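Computed from a prediction, not measured in an experiment: that's the story for all the values here. Every chain is numbered from 1 and lettered A, B, ... according to where its sequence line falls, protein lines coming before strand lines.
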Amino acid sequence: MLVDHHCHSVVADELDEAALGALITESDRPPAPGTSPFDSAIGLAVRRWCPPLLGLPALAEPADYLAARRETGAAEATARMLAGAGLADLLVDTGLTEAGGRPLLPPADLAALAGARLHEVVRLEAVAADVRAPAAQWPDAVAEALAEACAGAVAVKSVLAYRAGLDIPGGPPARSEVVRAAGARPPDRITDPVLLRHLLWTAVGLALPIQLHTGFGDPDLRLRRADPALLVDFVRAVEPDGVPLVLLHGYPYHRQAAWLAQAYPHVYADVGLTLSYTGPRAATVLGEVLELAPFGKVLASTDAYGLPELYPVGAAQFRRALATVLDGWHTTGDCTPADVLRITEALGSANARRLYGI
Amino acid sequence: MLVDHHCHSVVADELDEAALGALITESDRPPAPGTSPFDSAIGLAVRRWCPPLLGLPALAEPADYLAARRETGAAEATARMLAGAGLADLLVDTGLTEAGGRPLLPPADLAALAGARLHEVVRLEAVAADVRAPAAQWPDAVAEALAEACAGAVAVKSVLAYRAGLDIPGGPPARSEVVRAAGARPPDRITDPVLLRHLLWTAVGLALPIQLHTGFGDPDLRLRRADPALLVDFVRAVEPDGVPLVLLHGYPYHRQAAWLAQAYPHVYADVGLTLSYTGPRAATVLGEVLELAPFGKVLASTDAYGLPELYPVGAAQFRRALATVLDGWHTTGDCTPADVLRITEALGSANARRLYGI
Amino acid sequence: MLVDHHCHSVVADELDEAALGALITESDRPPAPGTSPFDSAIGLAVRRWCPPLLGLPALAEPADYLAARRETGAAEATARMLAGAGLADLLVDTGLTEAGGRPLLPPADLAALAGARLHEVVRLEAVAADVRAPAAQWPDAVAEALAEACAGAVAVKSVLAYRAGLDIPGGPPARSEVVRAAGARPPDRITDPVLLRHLLWTAVGLALPIQLHTGFGDPDLRLRRADPALLVDFVRAVEPDGVPLVLLHGYPYHRQAAWLAQAYPHVYADVGLTLSYTGPRAATVLGEVLELAPFGKVLASTDAYGLPELYPVGAAQFRRALATVLDGWHTTGDCTPADVLRITEALGSANARRLYGI
């Protein structure tokens with residue numbers, strides 16, 4: 001049973017082809033004329049792993065799958081997907097509450113359907129966006145709000161990569177800078193780099209692991225500013241505090257993330273989103289991460305969001321990719337069967353249990 | 001039969017070892033002492049695919065191949081190469097007229113030898129270089145020249161990556177900027193970033209797909225400035241116009257190009273040049289592109305230039321790389337035989353026919 | 001028998017688990033809680049190749065290996081490691097004299113134990129750090145010191161990537177700049193970019209090949225500034241002098257290094273350190289280099305440093321990776337058995353003998 005150390009909730013509604021397709025691409029635009037989101041690596045992965053959960057053969061055509069989903073009913077299909085993922089623990093980023101305009105299940109319901117223990121990951125920017133305080137009080141108000149929001153949480157999450165890019169100075173901003181930026185901030189969305197850095201350093205004070213989005217994402221992202229190697233000054237500045245930094249996704253800069261995980265004791269990496277999105281190619285990508293990343297530093301996640309199908313897909317993609325990599329290493333004489341078991345256990349659950357104390 | 005959506009004409013002259021070798025490397029310098037351009041991935045690819053077209057076994061030694069080529073005669077050898085590529089349509093970049101000091105065949109002769117339909121791709125910088133007009137009239141004169149040159153064309157091509165790099169602002173330059181830059185421009189080569197951007201935006205007005213060189217090329221290129229991810233502002237600025245942007249080659253930043261193709265509906269990608277150059281490794285590189293690029297967004301090309309051999313090499317490399325990738329996916333249960341056929345058809349011709357309306 | 005064109009000396013002391021573990025990671029920090037440096041790709045490589053040299057089966061557990069090492073005695077174990085690497089020539093970077101606080105063997109002893117011929121590679125920054133001269137005389141004093149130090153050397157080595165990053169201007173700094181920077185330099189470590197560039201250009205005057213660290217390394221490195229593509233201006237500026245530039249390691253930017261090796265006649269590349277560190281994945285990484293790098297431009301090295309085990313590991317990793325790549329190419333019909341032999345000879349020794357004149 002895996003620990004899914006980074007995921008989101010899902011939509012339990014009926015979904016037609018367009019709505020389902022929109023949840024298996026990082027694009028928030030309609031597909032180009034003549035193309036379908038199912039004709040992609042992740043589309044193949046969904047067709048590979050999900051139809052059997054609805055009684056169809058693997059690789060059923062999208063239309064047949066959608067018909068079976070309708071017939072099964074969205075609630076039952078959602079339940080089968082979540083139960084079919086085989087997850088022991090979910091670390092849910094609670095900062096998102098809808099996908100494509102549809103509400104997400106409450107996290108407790110999500111975990112109940114998955115038969116998994118629930119742990120909360122608090123999204124820094126979401127908490128801070130709700131803080132209403134005069135600029136001079138904003139730093140303290142944010143610190144209080146975060147401390148409160150994190151009371152039962154096991155980690156925090158930052159989307160700095162989306163909002164301002166990862167090329168930030170190492171240390172915290174001066175309080176005067178933060179107050180100045182808070183005075184000028186828009187009412188409901190934190191995008192100022194000074195404020196975003198303040199959130200990160202406030203989180204450092206909470207001593208919880210900090211998950212950071214790195215690498216590819218939706219069109220709102222500037223890919224080059226999401227290279228985790230840009231974080232090196234921040235990584236060094238945090239090192240004395242010993243707060244773990246968890247670099248999520250990373251692709252196509254996942255080899256850079258792996259180097260950081262080798263070089264710095266407090267840096268960890270995952271390739272959750274990436275293994276789902278790269279479909280038949282997932283083992284290659286995971287292999288690339290394991291070139292430099294210590295096996296004690298790599299974590300499993302589905303990064304599922306919106307579509308219930310992404311839970312069994314993410315879990316199966318992780319399991320198969322890791323098995324493919326390790327079976328290959330065993331076949332070529334590079335590790336023993338005992339190594340295969342130990343590494344599988346480490347990446348699948350033990351590393352996350354140790355890191356998050358769960 | 002493939003649609004080769006990006007290629008150039010070839011030299012039909014006799015070529016000795018040095019001349020032929022010079023056309024299978026991106027370097028325009030003599031090889032280093034003791035080395036030969038044949039000792040490379042693309043050298044192996046040429047030896048793999050071309051000798052059988054001259055009656056020799058695959059992987060014949062370069063000296064034997066050159067002897068057979070001489071004996072066959074350059075005209076006949078050229079004809080066999082082009083006919084042997086199995087191409088239905090050629091989209092020829094007509095902006096180059098010589099290679100290594102030797103004239104290229106007229107495009108119509110090239111297409112006739114290939115037994116393929118000819119379509120023209122107009123190179124923006126080549127047309128603009130010939131425009132003689134006072135600076136104040138230059139923007140309009142260029143627009144007229146491009147409109148005229150593109151009357152029968154199916155696409156335009158930009159070599160911005162070579163001339164100024166892809167890190168350009170999103171929107172078009174102001175007319176006053178263009179006029180100022182036109183006043184200072186050298187007589188026969190457009191290198192000013194303002195003028196190059198003006199060409200791109202003039203092309204946007206023509207509503208033809210814009211092919212952009214990205215990734216590796218000859219020593220004149222600054223590789224880091226050819227990363228397609230640098231284009232993100234331009235990509236976003238063009239999106240409302242809906243004009244397709246086709247990112248050529250991309251390597252070693254082809255995963256970045258693939259992400260852009262997933263994120264933005266109007267972005268397409270190819271790895272033509274790359275598949276020829278990487279020889280035995282082509283399937284791996286193509287696989288990397290298919291990790292994120294929707295299958296409806298990837299195109300086939302030879303990017304052949306100068307050497308007739310690059311036509312059958314490019315076509316065979318594409319066909320084999322795609323077959324290797326898809327057979328592998330079928331073997332591991334990741335797609336059906338019907339998927340293999342559909343994806344093969346999409347990348348090989350259907351995507352290009354839809355995109356270019358041919 | 002390989003030519004190891006870039007390596008360092010080793011510690012012949014007894015090493016406990018912590019000390020040995022500290023020499024198989026690029027990190028100079030203690031491992032994260034609950035993790036071990038043996039649980040990594042390079043850890044597997046050490047367990048794969050070294051135990052048989054001490055009479056244990058391949059992949060023996062670390063504790064068993066360490067026990068056998070103690071029982072064998074450090075001197076004997078060191079001798080077996082070095083002799084077991086099968087190296088004909090060592091090009092030793094003599095700029096490091098200790099590892100983890102322990103002294104390194106004198107290079108002559110190292111070579112004697114390896115049964116290999118010794119050649120010296122002079123580390124520019126190490127020589128320059130010892131030069132004591134008033135600022136106005138510093139440029140000449142450095143030139144004299146380097147000329148003297150290089151009297152018997154076959155190459156020089158630069159760690160510019162660590163000290164200031166590879167994004168330097170093309171040409172040499174003006175003498176006045178150098179004098180000014182020399183006046184302000186700290187007493188025993190050269191970190192000023194102007195001084196580092198002066199060292200490189202002084203080396204160009206010596207007409208020896210210049211080895212440059214590129215790509216990953218220890219936590220002191222800023223990875224993004226170690227991208228070899230950043231060197232393009234320097235590469236172009238050196239080209240008229242014809243002095244070879246050898247890009248070491250490169251990873252994860254090794255495809256960029258390979259492009260430079262194709263584009264510029266005087267550029268060479270290796271992936272020595274990388275092949276040891278990436279363990280079971282080494283063939284993939286070497287394959288990526290051979291996509292664009294001419295086979296006459298790629299070199300073999302162990303980059304062994306500190307731990308004697310890294311000699312047999314580096315040599316075995318190189319041999320197996322190359323054999324895996326070439327056997328694969330032969331199996332898929334991409335090269336002949338004669339090609340396999342020729343390419344093996346080229347990368348393993350012939351290229352280095354030609355380049356360094358040994």
Side chain / backbone / both / neither for [X] at chain B, heavy atoms under 4.5 Å:
{"X": "C:L260", "value": "neither"}
{"X": "C:N351", "value": "neither"}
{"X": "C:E239", "value": "side chain"}

Test your reading of the model: is there a side-chain donor-acceptor pair from [X] to the backbone of [Y], 3.5 Å cut-off?
{"X": "C:W329", "Y": "B:R281", "result": "no"}
{"X": "B:R48", "Y": "C:G333", "result": "yes"}
{"X": "C:Q262", "Y": "B:E26", "result": "yes"}
{"X": "C:R354", "Y": "B:T35", "result": "no"}
{"X": "B:Y277", "Y": "C:L292", "result": "no"}

* Of the non-hydrogen atoms in C:P294 and B:S40, which two are nearest, and what is the gap between them? ->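 The answer is CA-CB, 4.4 Å.
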
* Asked: Taking all non-hydrogen atoms of both residues, which atom of C:F295 and which atom of B:A41 are closest, and how far apart?
  ->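 Closest pair (atom of C:F295, atom of B:A41, distance): CZ-N, 3.4 Å.
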
* Asked: Considering only heavy atoms from C-beta outward, does the side chain of C:R255 approach that of B:Y253 to under 4.5 Å?
  ->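 No, their side chains stay 4.5 Å or more apart.
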
* Asked: With a 4.5 Å limit on heavy-atom distance, are the side chains of C:R236 and B:R222 in contact?
  ->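 SC-SC contact between C:R236 and B:R222 confirmed.
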
With chain C as the partner, which of [options] has the greatest number of non-hydrogen pairs under 4.5 Å?
{"options": "B:T324, B:T25, B:I42", "result": "B:T25"}
{"options": "B:W49, B:F216, B:F38", "result": "B:F216"}
{"options": "B:L59, B:T284, B:D28, B:T274", "result": "B:L59"}
{"options": "B:D220, B:D39, B:T278", "result": "B:D39"}
{"options": "B:P33, B:P30, B:A282", "result": "B:P33"}

* Quick one: do B:R320 and C:D334 make a salt bridge, cutoff under 4.0 Å? ->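 Yes, charged N to carboxylate O under 4.0 Å.
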
* Just checking, is any N or O donor in the side chain of C:E291 or B:Y251 under 3.5 Å from an acceptor N or O on the other one? ->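 Result is yes, a qualifying pair exists.
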
Please identify, among [options], the residue contributing the most non-hydrogen atom pairs under 4.5 Å to chain B.
{"options": "C:V232, C:I343, C:T332", "result": "C:T332"}
{"options": "C:G296, C:A263, C:P244, C:A350", "result": "C:A263"}
{"options": "C:V325, C:L290, C:D339", "result": "C:D339"}

